[in-house]
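Remember, it's a predicted structure, so these values are computed and weren't measured experimentally. In the text below, chain A, chain B and the rest are named by the order of the sequence lines, each starting its count at 1.
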4 protein chains.
Amino acid sequence: MARSRSEQAAWRREQLLDAALRVFADKGVDGATVKDVAQAAGVTPGLLYRYFDSKEAMVETLLSERGFLPRLRELGELRHDDRPATEVLTGLLEAFDRLLADNAELMAVFFSAAQARAPLAGLVGQGQRLIGDFLAERVAAGELRPHDTATAARTLFAAVAVNRRLGTPIDVSALVGLLFPEEG
Amino acid sequence: MARSRSEQAAWRREQLLDAALRVFADKGVDGATVKDVAQAAGVTPGLLYRYFDSKEAMVETLLSERGFLPRLRELGELRHDDRPATEVLTGLLEAFDRLLADNAELMAVFFSAAQARAPLAGLVGQGQRLIGDFLAERVAAGELRPHDTATAARTLFAAVAVNRRLGTPIDVSALVGLLFPEEG
Amino acid sequence: MARSRSEQAAWRREQLLDAALRVFADKGVDGATVKDVAQAAGVTPGLLYRYFDSKEAMVETLLSERGFLPRLRELGELRHDDRPATEVLTGLLEAFDRLLADNAELMAVFFSAAQARAPLAGLVGQGQRLIGDFLAERVAAGELRPHDTATAARTLFAAVAVNRRLGTPIDVSALVGLLFPEEG
Amino acid sequence: MARSRSEQAAWRREQLLDAALRVFADKGVDGATVKDVAQAAGVTPGLLYRYFDSKEAMVETLLSERGFLPRLRELGELRHDDRPATEVLTGLLEAFDRLLADNAELMAVFFSAAQARAPLAGLVGQGQRLIGDFLAERVAAGELRPHDTATAARTLFAAVAVNRRLGTPIDVSALVGLLFPEEG
DNA sequence: CATGAATGAGAATTCATTCAT
DNA sequence: TATGAATGAATTCTCATTCAT
């Protein structure tokens, strides 16, 4: 059952990224040492440099390859639906909440790495736009009452994100019911 | 205009904390060096150790002496009012938003320092409780429609905080109008 | 002629201890810097920390691994003999003198390191006991005149040790002849 | 009862030397900081530099001004006596032992300071000569049996010094009785 | 592929010393 | 005289990175 050369290499690369993600999330990028990552992966520090150019390159790789912007975009494509707006919205927010939960460690890296600020803002912007567009659509369709859809999107998104980050996840149905009581 | 010895010492201490706050917010606690702080303060690194035992002690001092929990609590005491609920709520949230804006750098330290997680959670909890209590009061008084006041508080608080943190402050009136359209 | 990895590591460790012993003996433990030791060993200071946890750990290692108490104890076992007492005594003291000569640098460390005081006292006590027991034995056997064997042991031991330490080694035969003129 | 200017200065100088002696003996010259000395004297570090040029100068001053070579020399002058040799010898050694006891701290400095080696050797040499001369005199006078007076002097001196230094002072009468049993 | 010895740059911290007050 | 703020040079120690094996 020997892995082929390139399979082995790919596997090792992922294993190192896994370890890095865990360690960076735990100690912060600056607080973690290359040795910490190597130990977490069960290898020696030198090996990391066969797979990555530098510690910083590891962070960048994590941010680009493990970023969940792609999965966030996928969510956006599922929104055209004939189900009631509040139902779709609840589904969207729940999926988003799950996405954050699944990527808690990556979020921690986003928050700790100085260079990670920009991607984070991009992520949030993307999420807000997604939800904002959906709300505007359904307002236009007369299904939702007219309201400040941009502010609503930012609010919904923030409520889910902050509480997930703080380890106190919010009840999404209650949240949607709060903003759109009539439609519940 | 010579400062007395003890005045000078107190002034220098504050100056060093100012510099530390700026630098830590900019580079993260781990990313910033003692030399960075000293340079920002225009002194040599050794001097920091006349005023603080260690770099870590500087962080702790910032968190305890410059924390804004006290100011947050003051806000809570202003809430009993005969003005309409939405007006009071808007005022509260705006004051809170301003508080965060005034302490943007400290917030950054809160987010970067590992040891700062707990205080941050406390801060958020405090803010949510403050707003939740107010909403419950006004619902009980029949002024606001019955709703999930805890979720509402978490939502309002999160919306203000996240957007301030991301540098995209939210329009508080619009936010309040979103949750309480009828009362506007 | 390449050394294997682990051979090289063991060799390097000893080499570093050698260098440390020389440097500590020369400048005193507090007076010597880690850089001094590294330079004496022809390596960079960082390397020392692959082999020892701290400068203090180096001193402790020297004291425990290079201590000559074991060799002193061996001497004690050689004393049961059918040769004349003064001959055996001379042999013992000469062996002891050689031991001190061989370990002059370690002695210097013993004298300079604060934490080394206790082991030093132990060493001296051990040597005095060794000689005292031997003298008592031979007095009991009627070979040596009755005398204060404990004081004699302390005296002989001190005479050898002090003069070796001061770089003016004493003539052991003359020393023994001084205390036991009749038996010569 | 105010002290005059120069009296005050002289007093302070001595006080600082006292403190330095205590601290250096305790922690070793290298291990003690100027701040340590200042604290022990109840003043601030800056003041030391009004009285001494440097930390090293303090050590040198201690060694030269507080050295007990002068008192040792005085002992030498008391030796011409018409009392029996062993009695005089016992008196001399006891005086010497007391001298060492009185100057235990200075001895510690002698042993710890690198630069202090030479004075120490001088001190020992002086003591040995003193006793050696006395012994030779009394041998010449036919009072003591002919023997290796130089070795005897070194032995007597070493026995007293080492045991005093180790905190296990020797019984001087027993010591003299050991070398000159017939004369006791 | 994998190791771990070795380096060099720099981190936090200490401390003798100076100097304005 | 005495203080203590301030400095600058070291000191101990860490760590990302390289490289021979």
Side-chain angles (χ1 to χ4, degrees), chain A residues 3 5-6 8-9 12 30-38 41-58, chain B residues 2-6 8-9 11-13 30-38 41-58, chain C residues 2-6 8-9 11-13 30-38 41-58, chain D residues 3 5-6 8-9 12 30-38 41-58:
Chain A
R3 263 185 285 263
R5 280 284 175 77
S6 70
Q8 155 71 10
R12 169 79 1 132
D30 283 322
T33 71
V34 169
K35 198 178 164 200
D36 288 336
V37 174
V43 300
T44 49
L47 187 60
L48 297 186
Y49 290 85
R50 260 191 184 278
Y51 292 87
F52 305 96
D53 282 346
S54 66
K55 182 184 174 185
E56 205 192 317
M58 297 192 78
Chain B
R3 262 184 287 263
S4 82
R5 274 277 173 84
S6 70
Q8 157 72 10
W11 173 84
R12 173 60 30 113
R13 200 185 119 98
D30 282 322
T33 70
V34 170
K35 199 177 166 198
D36 288 336
V37 174
V43 300
T44 48
L47 187 61
L48 298 186
Y49 291 86
R50 272 197 73 75
Y51 292 88
F52 305 96
D53 283 345
S54 64
K55 182 184 172 185
E56 203 191 319
M58 296 193 77
Chain C
R3 263 184 285 264
S4 81
R5 274 277 175 84
S6 70
Q8 157 72 10
W11 173 84
R12 174 64 20 117
R13 200 184 119 98
D30 282 324
T33 70
V34 170
K35 199 177 164 197
D36 288 336
V37 175
V43 299
T44 47
L47 187 61
L48 298 186
Y49 292 88
R50 271 195 74 73
Y51 292 87
F52 306 97
D53 282 346
S54 64
K55 183 185 170 183
E56 202 190 320
M58 296 192 78
Chain D
R3 264 184 285 262
R5 280 283 175 80
S6 68
Q8 154 72 12
R12 170 78 2 131
D30 283 322
T33 70
V34 170
K35 198 177 166 199
D36 288 336
V37 174
V43 301
T44 48
L47 187 59
L48 297 186
Y49 290 85
R50 259 190 185 280
Y51 293 88
F52 306 95
D53 282 345
S54 64
K55 182 186 175 184
E56 204 191 318
M58 297 192 79

Rounded to the nearest 0.5 Å, what's the gap from [atom1] on [X] to [atom2] on [Y]? Could you check?
{"X": "Arg13(B)", "Y": "Met58(B)", "atom1": "CZ", "atom2": "CE", "answer": "9.0 Å"}
{"X": "Thr33(A)", "Y": "Asp36(A)", "atom1": "OG1", "atom2": "CG", "answer": "3.0 Å"}
{"X": "Leu48(D)", "Y": "Arg12(D)", "atom1": "CG", "atom2": "CZ", "answer": "9.5 Å"}

Could you tell me the Watson-Crick or G-U partner of dG8(F), where both distances fall under 3.5 Å? Say none if there is no partner.
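Checking every strand shown, dG8(F) finds its partner in dC15(E), with both distances under 3.5 Å.
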Please name the nucleotide paired to dA20(E) by Watson-Crick or G-U wobble geometry with both distances under 3.5 Å, or report none.
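Paired with dT3(F).
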Distance in angstrom units between [X] [atom1] and [N] [atom2], rounded:
{"X": "Asp30(B)", "N": "dC15(F)", "atom1": "CG", "atom2": "P", "answer": "10 Å"}
{"X": "Lys35(C)", "N": "dA6(E)", "atom1": "NZ", "atom2": "P", "answer": "20 Å"}
{"X": "Asp36(B)", "N": "dA12(E)", "atom1": "CG", "atom2": "C1'", "answer": "12 Å"}
{"X": "Arg12(A)", "N": "dC1(E)", "atom1": "CZ", "atom2": "P", "answer": "10 Å"}

Go through [options] for me and flag the one nearest to the [X] side chain.
{"X": "Ser54(A)", "options": "dA6(F), dT17(F), dT11(F)", "answer": "dT17(F)"}
{"X": "Lys55(C)", "options": "dT12(F), dA2(F), dA20(E)", "answer": "dT12(F)"}
{"X": "Thr33(A)", "options": "dG4(E), dA16(F), dA2(E)", "answer": "dA16(F)"}
{"X": "Gln8(B)", "options": "dT3(F), dT13(E), dA5(F)", "answer": "dA5(F)"}

Under a 4.0 Å heavy-atom cut-off, which of residues 42-52 of chain C touch DNA chain E?
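DNA chain E contact set from residues 42-52 of chain C: Val43(C), Thr44(C), Gly46(C), Leu47(C), Arg50(C), Tyr51(C).
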Heavy atoms only, 4.0 Å cut-off, all strands: where does Ala32(B) land among base, sugar-phosphate and nothing?
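Here Ala32(B) touches the backbone only, sparing every base.
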What are the two closest non-hydrogen atoms of Asp30(B) and Lys55(B), and how far apart are they?
O-NZ, 3.9 Å
Measure distances between side-chain N and O atoms of Arg5(C) and base N and O atoms of dT3(E), and say whether any donor-acceptor pair falls under 3.5 Å.
yes
